[in-house]
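Numbers here simply count residues along the sequence, with the first being 1. Since the structure is predicted, the reported quantities are computational estimates derived from the model, not experimental observations.
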Amino acid sequence: MTLKLVSQSDHVPAEDLLDGLNQRQAEAVTHTEGPLLIIAGAGSGKTRVLTVRIAYLLRLGVHPSHILSLTFTNKAAQEMKERVGELVGGSVSRSMWVGTFHSLFARILRQHADRIGYTSSFTIYDSDDQLAAIKAVMNQLGVSQQAVPPNGVKGRISNAKNEMMSWQEYSRRASTISEKQTAQIYELYEKRLKHSNAMDFDDLLLNTIILLDNHTDVLEGMHDRFKYLCVDEYQDTNRAQYRVVNILAKKFRNICVVGDDAQSIYRWRGADIRNILEFERDYPDARVVRLEQNYRSTKTILAAADSVIKNNEKQLRKTLWTENVEGEKITVLSCRDDREEAESIVRTIKNRIEKNLYRYSDTAVLYRTNAQSQALEDALRRANLPYLIVSGVSFYKRKEVKDTLAYLRLLVNPADAESLLRIVNEPARGIGQTSLNRMQEYAVNNSTTLFDVMADASVVPQIQQRVVTAARNFVELVERHREVLNDLPPATLAQQYIESTGLPTMYKQQDTEESLDKWNNIERILDHILEQQEIEENLTLASYLETVALVSEQDDPQLGSNRIALMTMHASKGLEFPLVVIAGLEQGLFPLAKAETDPGEQEEERRLFYVGITRAREELILSYAERRYRFGELSFSRPSTFLSELDQNTLAPSGRSVAVSAKIRRTVETYSQMPVKEDYSQLSVKQSVKTGQRVKHPMFGVGVVVDVSGYGSSAKATVEFSNGQKKQLMLSYARLEQV
């Protein structure tokens with residue numbers, strides 16, 4: 001039953017809003033009663049359908065305050081309000097409940113905070129506040145932050161809340177030492193929040209569910225208010241969001257969810273694809289409307305996207321089609337290494353810009369991990385092309401990269417107080433700010449450096465002995481590596497030094513998507529030093545740092561909006577460009593290595609590739625490197641399996657490009673038959689590995705040495721690991737252990 005109320009737009013026929021919509025779009029707009037699933041393929045006009053549907057409800061007489069529309073970003077919510085306002089009048093649209101899950105449920109919680117033991121003035125903790133509270137609890141419990149990384153605890157608590165798991169339930173289920181420690185922290189963290197009249201972002205959903213589950217009058221009030229629910233990007237909802245939406249829709253069942261299972265790419269942050277896949281199970285009488293006409297891309301690009309995504313088993317079947325032109329064939333660049341890949345991409349972009357008169361801002365380069373931007377940024381700078389890092393910061397301005405460079409600067413120049421202050425507690429060493437302030441004051445008063453004062457901090461008044469010991473240990477760590485500053489190659493020294501600081505280990509132990517990305521970025525800096533060492537014979541750490549400083553500061557101007565966009569695959573969702581480049585299509589990189597043993601991860605990576613392909617309107621370029629420095633080793637790569645899944649009729653050769661899957665297979669076979677020369681007579685005992693030995697690598701696991709070549713610092717071993725991957729590793733950096 002449609003609720004008829006007076007609105008400012010009653011005199012305008014609702015059917016007028018259907019002008020210009022295709023048949024499926026109109027069907028989605030006019031189905032107003034009962035559950036509705038809109039499967040909105042990429043570029044199918046989803047936003048237009050959503051806004052017109054809300055305007056259609058208002059034209060039918062539904063009061064705006066009875067519509068609840070949930071989005072994932074404030075930008076999307078604002079855009080929806082503005083578009084609806086243009087159709088029915090701004091005063092009407094302003095009365096609607098349109099916003100993000102967190103913003104709208106915070107609004108509900110403030111109205112009923114007293115029901116769950118809060119006041120309406122409760123504080124909302126952001127990520128940094130949450131981390132600070134967790135650290136305070138860990139200090140209270142005497143849990144070492146070095147042994148148990150706070151970010152890892154934060155991630156586990158957040159995951160538990162997204163699964164609607166209280167600290168009591170988490171504690172009952174905890175079985176490992178790590179889980180039991182997290183359970184203790186979770187309990188005190190929750191009590192600390194409650195005592196502080198505060199909620200974190202996850203609580204905004206969890207507490208809304210608690211409120212509606214335990215207070216019938218509040219639930220009935222919500223039912224009477226929100227007679228029409230609309231959820232955008234439903235494929236990205238987690239279980240808590242799924243639960244609260246279905247609670248609110250239970251009475252009238254006028255729930256419309258919009259999404260595309262093929263674009264579900266946030267599993268790592270709790271998104272559950274089951275929510276959209278099982279909508280028809282939850283609502284057997286649901287109308288399903290498939291928006292399959294694409295208005296964005298060429299026929300070639302759509303055919304390529306379809307040929308990839310059809311390999312996923314868990315999906316809602318649909319076939320995108322378009323009336324657009326056939327378009328250019330897709331170029332696949334095969335490159336020797338990541339440096340050549342970056343140069344080839346830049347040359348290709350320049351060619352396309354000149355040929356098609358594109359603006360710089362018409363182009364986007366997408367990659368799987370942030371660390372890949374370093375080579376691309378350098379190549380773009382050398383070509384004097386303007387670029388912009390989208391939804392992120394320049395590689396050289398990321399915190400973990402700046403921390404790594406600060407460590408290296410301190411090694412070269414111990415008098416550099418700014419670098420010292422930046423990293424002295426990265427990772428935490430127990431040298432508090434008060435102690436640092438006292439040491440700094442003593443250094444200034446006695447005309448010495450902070451580094452020298454830390455070497456014997458006992459001379460500083462009011463410094464505790466534990467701080468004196470921690471400061472001395474830090475100085476000794478730096479001095480120990482300064483003693484061999486002129487004896488070891490820069491790359492070898494940097495690798496050993498940065499590992500000894502504990503910085504890479506800190507991020508690796510946190511074991512979250514974000515922390516592993518940061519660890520990868522640190523390793524990328526170390527790889528870059530090795531690359532530069534091979535190019536520049538007399539490279540020193542000092543000269544490397546000077547080059548990086550000039551690149552990262554003087555050559556990174558703000559060049560306005562007309563710039564080439566660089567971004568991760570995840571950051572590209574929702575965007576579109578005439579020309580799109582997807583770099584790094586190699587096994588272990590895209591898809592990531594963990595996808596080889598986890599079918600769910602494999603399908604998620606394939607959906608991510610699908611998202612990247614469908615960002616392109618006119619032209620698509622794909623690239624991969626045959627070898628790439630990763631984690632301190634020169635690794636030979638196999639082309640991504642996604643390349644062989646592409647419809648070969650959509651691909652065209654260009655230079656050293658790959659156009660057919662047979663060529664890709666031949667490339668893989670070439671890697672497995674690489675000729676190498678056995679010459680390990682001059683290796684050290686540590687490096688003396690032989691063909692046939694079983695070895696263990698800290699990243700890749702157990703494998704068998706199949707070949708050895710080179711000698712001294714150039715010695716390499718080809719290892720075949722248990723997952724079938726073959727990698728050629730430099731023994732100076734590989735840290736192989738005999739099994």
Side-chain angles (χ1 to χ4, degrees), residues 296-298 300-301 304-305 327-392 394-396 551 555-569 571-572 575-586 589-590 609 611-626 628 639-640 643 646 650-659:
R296 175 189 300 159
S297 305
T298 64
T300 296
I301 290 169
E328 298 288 335
K329 298 291 186 181
I330 297 167
T331 298
V332 183
L333 302 174
S334 170
C335 308
R336 284 183 290 271
D337 53 36
D338 48 352
R339 181 183 176 90
E340 183 186 88
E341 179 189 41
E343 297 290 349
S344 296
I345 287 172
V346 170
R347 282 197 304 271
T348 305
I349 287 173
K350 288 183 70 174
N351 175 270
R352 296 299 200 279
I353 287 175
E354 292 169 4
K355 176 183 175 183
N356 299 314
L357 301 180
Y358 290 140
R359 288 166 52 85
Y360 293 126
S361 55
D362 289 334
T363 301
V365 183
L366 315 182
Y367 37 80
R368 183 63 183 86
T369 65
N370 278 312
Q372 290 171 258
S373 79
Q374 187 268 333
L376 293 163
E377 289 187 62
D378 284 354
L380 287 165
R381 287 191 180 102
R382 284 192 292 270
N384 199 29
L385 293 180
Y387 69 90
L388 171 71
I389 302 290
V390 178
S391 295
S394 169
F395 178 86
Y396 293 108
V551 166
D555 295 342
D556 192 25
Q558 297 298 311
L559 297 170
S561 60
N562 186 24
R563 292 181 280 178
I564 295 167
L566 302 185
M567 69 189 83
T568 63
M569 303 294 295
S572 73
L575 303 176
E576 59 182 74
F577 301 85
L579 173 61
V580 168
V581 180
I582 302 178
L585 277 158
E586 301 140 34
L589 181 57
F590 195 15
F609 185 39
V611 167
I613 292 174
T614 54
R615 299 311 93 197
R617 295 208 303 258
E618 299 172 13
E619 293 192 69
L620 178 64
I621 297 164
L622 310 175
S623 70
Y624 72 91
E626 296 173 357
R628 184 183 298 270
S640 171
L643 288 172
L646 287 165
T650 66
L651 306 181
S654 176
R656 299 182 68 239
S657 300
V658 177

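- The closest donor-acceptor contact from the side chain of Arg563 to the backbone of Pro386 lies at 3.5 Å or more, if one exists at all.
- No donor-acceptor pair under 3.5 Å is formed between the side chain of Glu343 and the backbone N or O of Ala379.
- Remark: of the listed residues Thr650, Ile613, Thr614, Ile613 is the sole one forming a side chain to side chain contact (heavy atoms under 4.5 Å, CB included) with Ile301.
- There is a side-chain donor-acceptor pair under 3.5 Å between Tyr624 and Ser334.
- In this structure, Lys350 and Leu385 have side chains that are in contact, with non-hydrogen atoms separated by less than 4.5 Å.
- Across all their heavy atoms, Ser572 and Val611 have their closest contact at OG-CG1, 4.2 Å.
- With values rounded to the nearest 0.5 angstrom, Leu651 atom CG is found 7.5 Å from Leu622 atom CG.
- Remark: side-chain polar atoms of Ser640 are paired, donor with acceptor, to backbone N or O of Phe590 under 3.5 angstrom.
- Residues Arg381 and Glu377 are paired through a salt bridge, judged by an N-O separation under 4.0 Å between the basic side chain and the carboxylate.
- With contacts defined as side-chain heavy-atom distances shorter than 4.5 Å, the pair Val346/Tyr387 does not qualify.
- A donor-acceptor contact shorter than 3.5 Å links the side chain of Ser297 to the backbone of Ala616.
- Checking Ser344 against Glu341 by side-chain atom types alone, no donor-acceptor pair falls below 3.5 Å.
- Counting only distance, with no hydrogens or angles, the side chain of Gln372 and the backbone of Thr369 share a donor-acceptor pair below 3.5 Å.
- For the residue pair Asn356 and Glu618, no side-chain donor N or O sits within less than 3.5 Å of a side-chain acceptor on the partner.
- The line from CZ of Arg617 to CD of Glu576 is 5.0 Å long, rounded to the nearest 0.5 Å.
- The OH atom of Tyr358 sits 13.0 Å away from the CD1 atom of Ile564 when rounded to the nearest 0.5 Å.
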Could you walk me through whether Thr331 and Arg352 satisfy the side chain to side chain contact (heavy atoms under 4.5 Å, CB included) test, starting with their C-alpha distance in whole Å, then the side-chain angles of each, then the deciding distance to 0.1 Å, before giving a yes or no?
CA-CA 12 Å; Thr331 298; Arg352 296 299 200 279; 3.1 Å; yes
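- Residues Glu586 and Glu626 are not in side-chain contact: their nearest non-hydrogen atoms beyond the backbone lie 4.5 Å or more apart.
- Nearest approach of Cys335 to Glu340, heavy atoms of both residues: CA-OE1, 3.1 Å.
- The two residues Ala364 and Met567 make their nearest non-hydrogen contact at CB-CE, 4.2 Å.
- Scanning all heavy atoms of the two residues, the minimum distance from Arg628 to Asp338 falls at NH1-CB, 3.3 Å.
- Separation of atoms CD1 (Ile349) and CG (Asp362) is listed at 11.5 Å; rounding is to 0.5 Å.
- For the atom pair Leu388 CG and Leu566 CG, the distance stands at 8.0 Å (nearest 0.5 Å).
- Distance check: Thr363 OG1 to Ile353 CD1 gives 4.5 Å after rounding to the nearest 0.5 Å.
- The only member of Ile345, Val580, Leu579, Ile582 that meets side chain to side chain contact (heavy atoms under 4.5 Å, CB included) when paired with Ile621 is Leu579.
- Looking at heavy atoms from C-beta onward, Arg347 lies out of side-chain contact with Leu333 at the 4.5 angstrom threshold.
- Across all non-hydrogen atoms, the minimal contact from Ile330 to Ala304 is CD1-CB, 3.4 Å.
- Nearest heavy-atom pair across Ser623 and Ala583 is OG-CA, 3.3 Å.
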